[in-house]
There are 2 protein chains.
Amino acid sequence: MNDGWNPYDRNCPSRRVLDRIGDRWTVLVVGALADRPLRFSEITKRVDGISQKMLTQTLRGLEQDGLVTRTVTAAVPVRVDYELTPAGHSLRTPLKALEDWAFEHMVPILQARERYAETAS
Amino acid sequence: MNDGWNPYDRNCPSRRVLDRIGDRWTVLVVGALADRPLRFSEITKRVDGISQKMLTQTLRGLEQDGLVTRTVTAAVPVRVDYELTPAGHSLRTPLKALEDWAFEHMVPILQARERYAETAS
DNA sequence: CGGAATCCTCGTGGATACTG
DNA sequence: CAGTATCCACGAGGATTCCG
């Protein structure tokens, strides 16, 4: 049922998918689009620190995987909206679970990190 | 309740935690340790493609965050076991949800990817 | 406004060799 | 066995400029 693949094998299909999802920006962009479609510039504002190059790249990847749709409205200036597909929305559930985990555990984790930093000479 | 932080802000605590989790190797190493404690060399074998440098680095990070414990057994040769802490185990739940999602959606996603590759001249 | 193209710089991370 | 220490290459990704 797994086609003989082992999830820890670098070429395992599910791992190839996971590699895209695990991407730093992908998680944040999907999160930004969770509520409603957004324009390119709106996403830029929401996701702090992302460059327009990375945003373009991330969106192309999501589009390529069928997780986001790109809609161009001809006008001057041009308007482009990005929206999660049903599959994209379904990704929010596990992603949200991860964010919740991070939020719940961040205090002890950040404390442990600082303690570690002090110990290290 | 969020200390005024916005999750998309680069300095938001939960995002700082997420950055570690989002790491390519971290997910795989935590997964490898899910069932039982493992020795260094055992993890190397399980996680295909990881170099010993990256494994060391990843383990140090997890140790630093209190998600993994490192136990040294003095002997010749030395034996070192790595084990998930309770916090580390709790991370498995959201991670598993993500893996499941990847497995469920991989077929259409990989197909969409190929279609995209063909279209592009 | 929403990019594409170019340049250039860091850091990631692999390969190798050596050590307790 | 389980690392540490170096060296090095490559690619991610930022800054900038230009275009439809």
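Numbered from 1 within each chain, the chains take letters A, B, ... in sequence-line order. Note that the structure is a prediction, hence the values are computed from the model and not measured.
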*Where protein sits on nucleotides 15-20 of chain C, one letter per nucleotide: B base, S sugar-phosphate only, - none, heavy atoms under 4.0 Å*: -BB--B
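A heavy atom lying under 4.0 Å from DNA chain D marks the following residues of residues 62-76 of chain B, by number: R70(B).
Under 4.0 angstrom from either OP1 or OP2 of dC1(C) there lies no side-chain N or O belonging to Y82(A). Contact annotation: R60(A) reaches the phosphate of dG3(C) (side-chain N/O to OP1 or OP2, under 4.0 Å). For R39(A) and dG2(C), the shortest distance from a side-chain N or O to OP1 or OP2 is below 4.0 Å.
Counting heavy atoms from C-beta outward, V29(B) and L62(B) have side chains that approach closer than 4.5 Å.
Spacing between atom CG of D23(B) and atom P of dG13(C) amounts to 7 Å, rounded to whole angstrom units. Atom C1' of nucleotide dT4(D) and atom CG of L59(B) are separated by 15 Å, given to the nearest angstrom. Going from atom CD of Q57(B) over to atom C1' of dT4(D) covers 12 Å, rounded to whole Å. At whole-Å resolution of the value, CD1 in I43(A) and P in dC1(C) are 14 Å apart. Separating the CG atom of L55(A) from the C1' atom of dG3(C) is a distance of 10 Å, rounded to the nearest angstrom. Going from atom CE of M54(B) over to atom C1' of dT12(C) covers 7 Å, rounded to whole Å. Taking atom CZ of R79(A) as the reference point, atom C1' of dG3(C) lies 16 Å away to the nearest angstrom. One atom, CG of L38(B), and another, P of dC1(D), lie 15 Å apart when rounded to the nearest Å.
Across every non-hydrogen atom of V17(A) and R113(B), the tightest pair is CA-NH2, 4.1 Å. Considering every non-hydrogen atom in both L98(A) and L91(B), the closest pair reads CD1-CD1, 4.2 Å. Here the closest non-hydrogen pair linking V47(A) and A32(A) is CG2-CB, 4.0 Å. Residues G31(B) and R92(B) come closest through the heavy atom pair CA-NH1, 3.5 Å. Counting all heavy atoms, side chain and backbone alike, W101(B) lies closest to S90(A) at NE1-OG, 2.9 Å. Shown here for E99(B) and L18(A), the closest heavy-atom pair between the two residues is CG-CD2, 3.8 Å.
Put simply, the side chain of R20(B) gets close to the backbone of G61(B): a donor and an acceptor are under 3.5 Å apart.
A salt bridge is defined here as a Lys NZ or Arg NE, NH1 or NH2 lying under 4.0 Å from an Asp or Glu carboxylate O, and R60(A) with E63(A) meets this definition.
If you check dT4(D), dC1(D), dC1(C) against the side chain of T56(B), the one that comes closest is dT4(D). Closest contact between the side chain of F40(A) and the listed nucleotides dG3(D), dG3(C), dG14(D) involves dG3(C).
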